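Each chain gets a letter, A, B and so on, in the order the sequences are listed, and its residues count up from 1. Everything numeric here is computed off the predicted structure, so don't read it as measured data.
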Amino acid sequence: MLPENYHKMMEKAVIKNLIDAVKKLYVSDVEPSDMQIQSTKKDFEGDITVVVFPLLKYSGKSPEDTASELGEYILEVNTGFTAYNVVKGFLNLQVSKTAWLDEFIRLWLSGSRYSFSEIGKDRITLIEYSSPNTNKPLHLGHIRNNLLGYSLSRILTGCGYKVYKTNIVNDRGIHICKSMLAWQLFGQGKTPSDTGMKGDHFVGEYYVEFEKAYKKETEKLVSEGLTREEAAEQSKLMHDARQLLRKWESGDKEVVSLWEKMNSWVYEGFDATYEDMGVDFDKVYYESDTYKLGRDIVNEGLEKGIFHRKKDGSVWVNLSSDKLDEKLLLRTDGTAVYMTQDIGTAVQRYNDYKFDRQYYVVGNEQNYHFQVLKLILKKLGYKWAEGIHHFSYGMVNLPEGKMKSREGKVVDADDLIDTMVITAREMSEELGKLHDYDDKEKKEIYRKIGLGALKYFILKVDPRKNMMFNPRESIDFNGNTGPFVQYTYARIKSVLRKGEDKGYAVKNISADVVLNEKECDLIKLLRRFNTVVVEAAETLNPSVIANYAYELAREYNQFYHDYTILGEENDKLKDFRICLSEYSGIIINESMRLLGIDMPERM
RNA sequence: GGACCCGUAGCUUAAUUGGAUAGAGCACCUGACUACGGAUCAGGAGGUUGGGGAUUCGAGUUCCUCCGGGUUCGCCA
């Protein structure tokens, strides 16, 4: 059973007091919307603040006078408050310090369970994220995608949702045929293990080979006097790639076997990257499995008159009644497009899971696509279409501009992870605090720090916004960073270890300890964890948890700096501070866990 | 051109969803270790929240307009 949140309790009491006060002092009934209670900002004295502006119409007096009269009344009837002050139109009420100690004891007794809310109890939720193409390795954009999807799944799980993580692998289409063709032409039968390359990088290399050869070919044609379009049309390479795609669609044994072989190389590479990143999936869908279902559904819709066929044989949906234009669903030759397979995948998923909600973690460049997808599913009569939602996140830009995969202007995921871990190692070796660890243990710690830095750097910004990824800043481990939070945690662990080593055992928290300002501030912050997690879940925003974790770590460091813990002579106070430290560690760890960041015990 | 999004210190960003004096980090300057971890802490400097107007007790946040940037509108995915 969860304990009552003391602060919520006090807020409720204040509301009740206000209703009575207005009735008694100004003889009127307060409308609920005029009641504005919030926690007091840090720069002001007090704990709970009443915004009195909306109440002026009842009092007919100045903000200051109204606030004072209300404060006077509340202090008289509610013994929970020890003082009040008025700043402009704000009435700040002050809770006694012993109340904060009581609050902490409540938190302490409930442990980290306190954090869990049940707002999503048993609601079946699918989260689709990652969604790679199989022609090239993962890059920085995928990293943001993966981290957001994974963190979201942890946050929602933490709030009681039944979450399934899914991935849709775009394993078929012209892009993989390009890699296949280039491998046939230039590969000389080599395999990733021959070259010592990761499979996804190996296949990606041939995709680049194709693009290079294709560019060379078309430029030659252009120099011979053709226009760009004509050159593209006459390209032998492109023609052969299309030929491969057609053969694949018709089930040509040789082509399908090559396709399977090259994709399997890619999957091996992807799996390694996912493992490095620390993300996973409950179920992986493949476009090659779902596009046919999509095609069948579109054909059904065509028979029912929901879609229409043009003279050239292509199939379209008319969305003009929704203020959008027409959208292609099947090509002239009857083959599927991107939208077709997404329809198939969505239906397949609903059949598999009967979800209440499904989130697609996909970049904001596809806002239009998902708007249309939802409309089409609704037109097809699927009631569950209301439950699908595009989790649209912003692009990752580099200091030199936008990432462009075709121009090779990308930050490779594996390279980036390696760089971060290496930086962590260098910094750690320089500080030299891990002498008594063996190499395996050290390696694990470097990994935690390097990835912690990367994950935090990306997750701390609002997902909806485009973000700037400056490599130089991302490897800074000071200030508002993942390693800062990890350091605070390691520091707490160190204190706790030291206490135990000395044979000191905390008995219990005494109720007659006198708290200082810092301790009260820390408790106030710890208490907020629950609402922060709920906010993150409701707004689908991991960054609020990242910012909270940072704020908490900073607050703890201040406390740690200003007061001694193990050196405290008053045993009751010492016990309290040890518990406060341990609990801070629990909440910091819990916050970072919701972001998918592992914490080192030492670093 | 139509639709949607963004603009906050030199840089990267936050702001309890309309509340108080717009918070932090990096970089810059100054100070704090014989202390439980200095990957830390304290202080300084840095802002007309792109411009203008409207709404009201109150606007970074809502509405209009202009300026600047982005995404998208493919028989690509």
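With both ends at atom C1', the span from B:U16 to B:G7 equals 23 Å, rounded to whole Å. Taking atom C1' in both B:A22 and B:A9, the straight-line distance is 11 Å, to the nearest Å. Taking the C1' atoms as reference points, B:U8 lies 29 Å from B:U40, given to the whole Å. With both ends at atom P, the span from B:C6 to B:G18 equals 14 Å, rounded to whole Å. A gap of 42 Å separates the P atoms of B:G37 and B:U21, to the nearest Å. Straight-line distance between the C1' atoms of B:G60 and B:C26: roughly 23 Å, to the nearest whole Å. Nucleotides B:A54 and B:A59 are separated by 11 Å at their C1' atoms, to the nearest Å. Nucleotides B:G25 and B:A14 have their P atoms positioned 15 Å apart, rounded to a whole Å.
Side-chain nitrogen and oxygen atoms of A:Gln366 include none within less than 4.0 Å of the OP1 or OP2 phosphate oxygen of B:A77. Note on A:Arg491: a side-chain N or O is less than 4.0 Å away from OP1 or OP2 of B:G38. The phosphate of B:A20 has OP1 or OP2 within less than 4.0 Å of a side-chain N or O from A:Lys41. One finds a side-chain N or O of A:Lys465 lying less than 4.0 angstrom from the OP1 or OP2 phosphate oxygen of B:A14. Of the side-chain N and O atoms in A:Lys310, none sit less than 4.0 angstrom from OP1 or OP2 of B:C75. At B:A39, one or more side-chain N or O atoms of A:Tyr487 fall inside 4.0 Å of OP1 or OP2 (strictly under the cut-off). Under 4.0 angstrom from either OP1 or OP2 of B:G37 there lies at least one side-chain N or O belonging to A:Lys498. The side chain of A:Asn547 places no N or O atom within less than 4.0 Å of a non-bridging phosphate oxygen (OP1 or OP2) of B:U13. The phosphate of B:C76 has OP1 or OP2 within less than 4.0 Å of a side-chain N or O from A:Arg331.
Between A:Ile48 atom CD1 and B:U16 atom P the separation is 19 Å, expressed in whole Å. In this structure, A:Ile458 atom CD1 and B:U13 atom P are separated by 12 Å, rounded to whole Å. Regarding A:Asn541, its CG atom lies at a distance of 8 Å from the P atom of B:A15, rounded to whole Å. Here B:U16 presents its P atom at 10 Å from CD of A:Gln38, a figure rounded to the nearest Å.
In this structure, the ring of A:Phe391 has its center no less than 6.0 angstrom from the ring center of A:Tyr360.
Taking the 5.5 Å centre cut-off and the 30° plane limit, the aromatic side chain of A:Phe44 is classed as stacked on B:A20. Taking a centre distance below 5.5 Å and an interplanar angle below 30 degrees as the stacking criterion, A:Phe53 stacks against the six-membered base ring of B:G19.
A:Ser39 places no side-chain N or O within donor-acceptor distance of the main-chain N or O of A:Ile48, the cut-off being under 3.5 Å.
The base of B:C36 is not paired with the side chain of A:Ser494 by any donor and acceptor separated by under 3.5 Å. Between the side chain of A:Thr49 and the base of B:A20 there is at least one donor-acceptor pair of N/O atoms closer than 3.5 Å.
Where A:Asn557 and A:Asn364 meet RNA chain B, the nucleotide closest to each residue was compared, and A:Asn557 sits on the side nearer the 5' end. Where A:Val337 and A:Tyr563 each meet RNA chain B at their nearest nucleotide, the meeting point lying more 5' is that of A:Tyr563.
Between A:Phe469 and A:Phe457, the ring planes are perpendicular. Angles over 60° get that label, and only those under 30° would be called parallel.
A salt bridge does not link A:Lys88 with A:Glu64: none of the charged nitrogens is closer than 4.0 Å to a carboxylate oxygen. Note on A:Glu444 versus A:Arg447: salt bridge recorded, some NZ/NE/NH1/NH2 to OD/OE distance being below 4.0 Å. Salt-bridge annotation for A:Glu326 and A:Lys310: present, with a side-chain N of the basic residue lying under 4.0 Å from a carboxylate O of the acidic one.
Considering only the side chain of A:Tyr550, B:G25 comes nearest among B:G25, B:G37, B:C73.
By the 6.0 Å and 45° rule, A:Lys327 does not stack over the aromatic ring of A:Trp316.
At a threshold of 4.0 angstrom between heavy atoms, the contacts of A:Arg528 with the nucleic acid are absent.
B:U34 takes the anti form, because its glycosidic angle lies more than 90° either side of 0.
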